[in-house]
Amino acid sequence: MSQYSAPRGTEDLLPEQIPLFDHVLETCRKVLEQYAYLEIRPPLFEETSLFVRSLGEVTDVVEKEMFTCQRGDTSVTFRPEATASVVRAYLQNHLDKTRPFRKLYYIGPMFRFERPQAARQRQFHQVGIEAIGSHDPRLDAEVIHVAATCVEALGIQGFTVHMNSIGNAEDRVHYKDALKSFLEPQIQQYCKDCQRRYERNIFRVLDCKERECKKRNTDAPAFLDVLCEESATHFAEVQQALGALNREFEIDKGIIRGLDYYTHTVFEIRLPSLGARDTIVGGGRYDGLIEEMGGQSTPAIGFSLGVTGVLLAMGKQGLAEEHLGEPPCPVYVASLGEEDRASAFVLAEGLRRAGLTVDLDFEGRRIKPQLRQAAKRGARVVLIIGEDERARQVVQVKDMEHSEQIELPNDGDLPTEIQRILERDRREDQ
RNA sequence: GUGGCUAUAGCUCAGGUGGUUAGAGCACCAGAUUGUGGUUCUGGGGGUCGGCGGUUCAAGUCCGCUUAGCCACCCCA
């Protein structure tokens with residue numbers, strides 16, 4: 001074993017895992033493009049201050065989870081999430097000037113310096129969308145629905161959609177006051193964690209899992225009680241629009257979200273079977289962020305889906321197996337003697353030029369091991385070339401599936417003949 | 001950042017109370033009348049027992065530290 005291992009919280013995706021990983025990304029991509037979202041690819045790192053500004057200085061992500069790199073005067077940070085980058089790109093490239101309403105999506109790795117856990121890594125992939133430039137409640141519904149549709153498209157069962165509204169900035173101030181006066185007289189009765197949350201991030205007291213705290217929270221004021229009329233109406237319309245899409249959801253007044261930029265609609269998709277870390281999609285509206293970052297006041301909403309959690313869920317639900325495994329090499333060229341290797345080498349290249357996927361032995365194996373290797377690699381057709389074949393300008397063509405072997409001239413028609421064998425099953429199936 | 005559990009071959013794991021050259025299954029490689037796969041049989045390679053240090057005549061086995069993984073907390077995709 002090498003003395004080196006992948007950095008903590010990272011992993012190598014090996015050839016046999018790539019098809020599964022790509023299947024997840026491509027399935028999501030297909031859904032997003034159906035809803036007319038267009039891909040954007042910002043860089044993987046940004047100026048550190050971009051994240052500090054957008055996520056909020058006192059958030060955990062900024063305080064202790066950033067991968068930051070100092071070079072002289074410049075400080076850059078590997079993106080812990082993509083919303084900030086997408087908004088930055090939206091403004092920098094003047095997308096707001098040319099066509100203010102944009103539906104964008106991204107797929108790629110994110111980085112957070114956290115302690116690894118189930119469904120949590122330091123480098124992880126997210127698939128996400130950002131719909132910028134509209135406050136239309138139907139857009140909120142679409143975004144939530146698209147997230148759920150991605151999860152569905154992967155075949156994952158048992159997920160639930162939870163949402164809440166945390167209103168605008170003023171609503172939040174009102175709510176904080178209301179919550180404070182509810183908790184203050186009884187905070188001593190709450191668990192130790194909640195007492196700390198009360199000081200640090202009072203909203204989080206609401207999603208404590210302790211039975212006693214939970215019971216007390218049932219009487220707590222909800223955001224929904226203090227929303228101004230406009231916010232309340234918006235939220236009601238989001239629900240109505242979700243209904244129109246036949247998308248089931250639960251109102252969950254405990255959903256607060258950890259990043260400062262969220263407003264109004266916030267939502268999560270959860271998969272309880274995953275264990276402690278069961279949120280696979282998180283998202284919400286961020287109507288204040290674009291202005292905060294120097295643009296015009298522009299409403300927006302988005303989500304991000306964690307690929308790690310999705311893969312875990314697919315594994316547990318038996319959806320991963322069929323996508324695992326190296327792609328087969330359909331054609332293999334075997335050679336008999338040492339003198340035949342050069343011919344095999346050239347023959348393989350000719351077939352590749354004709355569009356076939358071909359490999360041959362580079363380990364000096366004899367014929368038998370070559371056949372074994374070909375079978376293991378999933379070859380449907382093996383070409384065998386020996387002294388006799390060379391002299392007569394032919395090759396042995398073996399159909400591995402049917403154990404049939406025929407002799408064919410080694411000429412320009414060979415690729416077509418091989419193709420015919422490769423397609424044989426398909427025809428027989430019909 | 002905090003806590004619990006774990007660490008033996010590529011993989012899954014055996015290795016009572018410390019005691020000779022550390023084992024199995026699978027995988028890998030090779031042979032079974034010398035030009036042919038998937039079955040079978042036979043043989044083979046491969047382990048600094050995560051790393052460092054300690055106790056001991058003797059440590060895979062006991063102790064300490066460290067690293068990594070898993071799980072949970074904080075938080076989060």
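Quick note on labels: first sequence line is chain A, next is B, and so on, each numbered from 1. All values below were derived from every heavy atom in this structure, side-chain atoms included, with hydrogens, water molecules and symmetry-related copies excluded.
Atom pair A/Glu338:CD and B/rG35:P shows a separation of 13 Å (rounding to whole Å applied). In this entry the distance linking CE of A/Met66 with C1' of B/rC75 reads 15 Å, nearest Å. Distance, A/Leu312 CG to B/rC70 P: 10 Å, rounded to whole Å. Note: CG (A/Leu371) to C1' (B/rG38) measures 10 Å, nearest angstrom. Between the CD atom of A/Glu268 and the P atom of B/rC76 there is a distance of 9 Å, given to the nearest Å. Spacing between atom CD1 of A/Ile255 and atom C1' of B/rA77 amounts to 14 Å, rounded to whole angstrom units. Protein atom CZ of A/Phe113 is 15 Å distant from nucleotide atom C1' of B/rC75, rounded to whole Å. Rounded to an integer number of Å, the gap from CZ of A/Arg380 to P of B/rG37 is 18 Å.
Base pairing of B/rC28: its partner is B/rG44, meeting the Watson-Crick or G-U wobble criterion (both donor-acceptor distances under 3.5 Å). Across all strands shown, the partner of B/rG69 is B/rC5, judged by Watson-Crick or G-U wobble contacts whose two distances both fall under 3.5 Å. Base pairing of B/rC49 is not made with any nucleotide, judged by Watson-Crick or G-U wobble geometry with both donor-acceptor distances under 3.5 Å.
Distance noted for atom C1' between B/rG16 and B/rG60: 15 Å (whole Å). If you take atom P in B/rG15 and the same atom in B/rC74, they sit 37 Å apart, rounded to whole Å. As rounded to the nearest Å, B/rU8 and B/rC70 have P atoms that lie 14 Å from one another. With both ends at atom P, the span from B/rC26 to B/rU66 equals 41 Å, rounded to whole Å. Separating the C1' atom of B/rG4 from that of B/rA24 is a span of 32 Å, rounded to the nearest Å. Taking the C1' atom of each, B/rG19 and B/rA59 are spaced 10 Å apart, rounded to whole Å. Taking atom P on both B/rG53 and B/rC73, the two are 38 Å apart, rounded to the nearest angstrom. Spacing of P atoms, B/rA7 relative to B/rU12, comes out at 13 Å, to the nearest Å.
Contacts of A/Pro80 with the nucleic acid, taken as non-hydrogen atoms under 4.0 Å apart, are absent. Within the nucleic acid shown, A/Ser304 comes within 4.0 Å of sugar-phosphate atoms alone, with no base atom in reach, counting heavy atoms only. Looking at heavy-atom distances under 4.0 Å, A/Gly9 makes contact with sugar-phosphate atoms alone, never a base. Across all strands shown, A/Val281 has heavy atoms under 4.0 Å from sugar-phosphate atoms exclusively, and none from any base. Counting any heavy atom pair closer than 4.0 Å across all strands shown, A/Ile384 reaches a base atom. In this structure, A/Arg270 reaches neither bases nor backbone, as no heavy-atom distance under 4.0 Å exists between it and the strands shown. Here A/Glu389 lies in heavy-atom contact (under 4.0 Å) with a base. The residue A/Gln123 sits apart from the nucleic acid: no heavy atom pair falls under 4.0 Å. Nucleic acid contact for A/Ala374: none, since no nucleic acid atom lies under 4.0 Å from a heavy atom of the residue. Residue contacts for A/Glu81: at a heavy-atom cut-off of 4.0 Å it reaches no nucleic acid atom on any strand shown. Contacts of A/Ala379 with the nucleic acid, taken as non-hydrogen atoms under 4.0 Å apart, are absent. Among the atoms of the strands shown, none is found under 4.0 Å from any heavy atom of A/Gly386.
At B/rC29, one or more side-chain N or O atoms of A/Gln373 fall inside 4.0 Å of OP1 or OP2 (strictly under the cut-off). Under 4.0 angstrom from either OP1 or OP2 of B/rC29 there lies no side-chain N or O belonging to A/Lys368. Checking the phosphate oxygens (OP1, OP2) of B/rA72, a side-chain nitrogen or oxygen of A/Gln117 falls inside 4.0 Å.
Remark on RNA chain B: of its neighbouring residues A/Arg277 and A/Arg8, the 5'-side contact belongs to A/Arg8, judged by nearest-heavy-atom nucleotide. Each of A/Ala118 and A/Thr279 lies near RNA chain B, and the nucleotide nearest A/Ala118 is the one positioned closer to the 5' end.
Taking the six-membered ring for Trp and thresholds of 30 and 60 degrees, A/His323 and A/His23 have nearly parallel ring planes, at less than 30 degrees apart.
Residue side chain A/Gln370 does not reach the base of B/rU36 through any donor-acceptor N/O pair under 3.5 Å, judged by distance alone. In terms of polar N and O atoms assigned as donor or acceptor, the side chain of A/Arg112 never comes within less than 3.5 Å of the base of B/rC76 in a complementary pairing. At a cut-off of 3.5 angstrom, the base of B/rG37 holds at least one donor-acceptor pair with the side chain of A/Lys398.
Under 4.0 Å is where a charged nitrogen must lie from a carboxylate oxygen, and between A/Asp171 and A/Lys176 no such pair does. A salt bridge links A/Arg424 to A/Glu404: one of the charged nitrogens lies within less than 4.0 Å of a carboxylate oxygen. Between A/Lys103 and A/Glu142 there is a salt bridge, with a side-chain nitrogen of the basic residue lying less than 4.0 Å from a carboxylate oxygen of the acidic one. Between A/Glu65 and A/Arg122, none of the side-chain N atoms (NZ, or NE/NH1/NH2) sits under 4.0 Å from a carboxylate O, so this pair counts as no salt bridge.
Using modelled atom types, one finds a donor on one side chain and an acceptor on the other under 3.5 Å when comparing A/Glu389 with A/Gln396. For the residue pair A/Glu130/A/Tyr286, the side-chain donor-acceptor check at 3.5 Å is satisfied.
Here the side chain of A/Glu65 is nearest to one of B/rG35, B/rC75, B/rC28, namely B/rC75. Which of B/rG35, B/rC70, B/rA77 sits closest to the side chain of A/Pro116 comes down to B/rC70. Candidate nucleotides B/rC75, B/rA72, B/rA77 were compared by shortest atom distance to the side chain of A/Asp60, and B/rC75 ranks first. Nearest to the side chain of A/Gln405, among B/rG35, B/rU36, B/rC74, sits B/rU36.
For the pair A/Glu322 and A/Leu20, the minimum side-chain heavy-atom distance is 4.5 Å or more.
For CZ of A/Phe45, the number of neighbouring non-hydrogen atoms (other residues, nucleotides, ligands) closer than 6.0 Å is 12 at most.
Minimum heavy-atom separation, A/Ser165 to A/Leu227: OG-CD1, 3.7 Å.
Aromatic ring centroids of A/His125 and A/Phe21 lie under 6.0 Å apart.
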Could you run through nucleotides 3-12 of chain B and give me one letter per nucleotide, 5' to 3': B if any protein heavy atom sits under 4.0 Å from the base, S if only the sugar-phosphate is that close, - if neither?
B---------
